[in-house]
Amino acid sequence: LTTAEALAVVPQLAAMRDPDAALAHSFRQEETIRLQAELLQHLSVPLIPLIAGVVVMPLVGRVDELRAARILETLLHGLAGARASSVILDITGVPGIDAATASMLVQVARAVALLGAELILTGIRPDVARTLVDLDVDLSRIRILGSLAAAITAVLGPHRAAAAPR
């Protein structure tokens, strides 16, 4: 045990002698953990304004049921708040897809349409495409482009024309 390690233990030992201090320490730890979990949830479903009327949600990592619900919630609130007419959902970083994730994509597209916006899905890898076909997922109402760059080019097209000098 080094001197630094021993000194680090002293406050913990003192807290054990004082139940109120131990309880306060426990509450601080729980609050720190709660705040970190909140931050992690926020970072796991980022919604990025691209230009006026366009938001992008790049997804990285697995999408489980809890994260799918968070994606839908974040997207709908962010879409309404930004008054966006286009949403780019990039799934390049999603390592695989199952029936629940595929269902979430369709639900997101329907919800986005109900708010009067268009969902553009990008980043479908070959293995994900195969799974979507095998699951017979109806993506006919979703605009699909090969890459995030293609989607950005597509949504910037009308804005460039409007901003171009005459």
Side-chain angles (χ1 to χ4, degrees), residues 23 25-163:
L23 186 60
H25 178 71
S26 175
F27 284 141
R28 284 192 304 274
Q29 280 184 322
E30 287 177 17
E31 178 65 9
T32 299
I33 291 168
R34 186 190 65 76
L35 290 172
Q36 288 172 343
E38 214 173 87
L39 177 62
L40 187 59
Q41 279 187 347
H42 178 72
L43 293 174
S44 74
V45 287
L47 189 63
I48 305 163
L50 184 62
I51 57 171
V54 180
V55 293
V56 178
M57 181 178 277
L59 297 179
V60 176
R62 297 219 173 271
V63 178
D64 60 12
E65 197 172 320
L66 181 63
R67 187 167 181 216
R70 182 88 169 138
I71 289 166
L72 184 59
E73 177 186 329
T74 300
L75 197 53
L76 295 181
H77 289 298
L79 183 64
R83 296 185 178 164
S85 57
S86 296
V87 176
I88 301 171
L89 183 61
D90 181 48
I91 62 169
T92 303
V94 177
I97 197 166
D98 59 11
T101 306
S103 174
M104 179 273 302
L105 292 173
V106 174
Q107 288 176 355
V108 165
R110 284 194 309 218
V112 165
L114 287 172
L115 292 178
E118 173 189 32
L119 178 74
I120 303 170
L121 183 62
T122 67
I124 298 177
R125 292 187 329 277
D127 59 316
V128 172
R130 175 63 186 234
T131 302
L132 291 170
V133 168
D134 289 347
L135 292 171
D136 197 28
V137 177
D138 179 15
L139 300 174
S140 61
R141 294 185 186 167
I142 300 175
R143 184 174 178 190
I144 300 171
L145 295 175
S147 67
L148 180 57
I152 291 171
T153 300
V155 298
L156 288 180
H159 294 282
R160 279 193 198 142

Are the side chains of [X] and [Y] in touch, meaning some heavy atoms are under 4.5 Å apart?
X: Val87; Y: Leu75; value: yes
X: Val108; Y: Arg110; value: no
X: Thr122; Y: Leu89; value: no
X: Glu118; Y: Val155; value: no
X: Leu132; Y: Ile97; value: yes
X: Ile48; Y: Met57; value: no
X: Ile88; Y: Val54; value: yes

I'd like to know if the side chain of [X] reaches the main chain of [Y], judged simply by a donor and an acceptor atom lying under 3.5 Å from each other, with no hydrogens or angles considered.
X: Ser85; Y: Ala117; value: no
X: Arg125; Y: Val94; value: yes
X: Arg83; Y: Gly53; value: no
X: Thr153; Y: Ala149; value: yes

Closest heavy-atom contact between [X] and [Y]?
X: Val128; Y: Ile91; answer: CG1-CD1, 4.2 Å
X: Thr92; Y: Gly123; answer: OG1-CA, 3.2 Å
X: Pro95; Y: Asp127; answer: O-OD2, 3.6 Å
X: Val56; Y: Leu148; answer: CG1-CD1, 3.9 Å

* To do: For the pair Val112 and Leu79, evaluate side-chain contact (heavy atoms from CB on, under 4.5 Å) and give the outcome as yes or no after the intermediate values.
  => CA-CA 8 Å; Val112 165; Leu79 183 64; 4.1 Å; yes

Nearest 0.5 angstrom please: [X] [atom1] to [Y] [atom2], how far?
X: Thr101; Y: Asp64; atom1: OG1; atom2: CG; answer: 8.0 Å
X: Arg67; Y: Met104; atom1: CZ; atom2: CE; answer: 8.5 Å
X: Ile71; Y: Leu66; atom1: CD1; atom2: CG; answer: 10.0 Å
X: Leu135; Y: Asp98; atom1: CG; atom2: CG; answer: 8.0 Å
X: Asp90; Y: Leu145; atom1: CG; atom2: CG; answer: 11.0 Å
X: Leu72; Y: Gln107; atom1: CG; atom2: CD; answer: 7.0 Å

* Evaluate whether atom CG of Asp134 has more than 12 neighbouring non-hydrogen atoms of other residues, nucleotides or ligands under 6.0 angstrom away. => yes

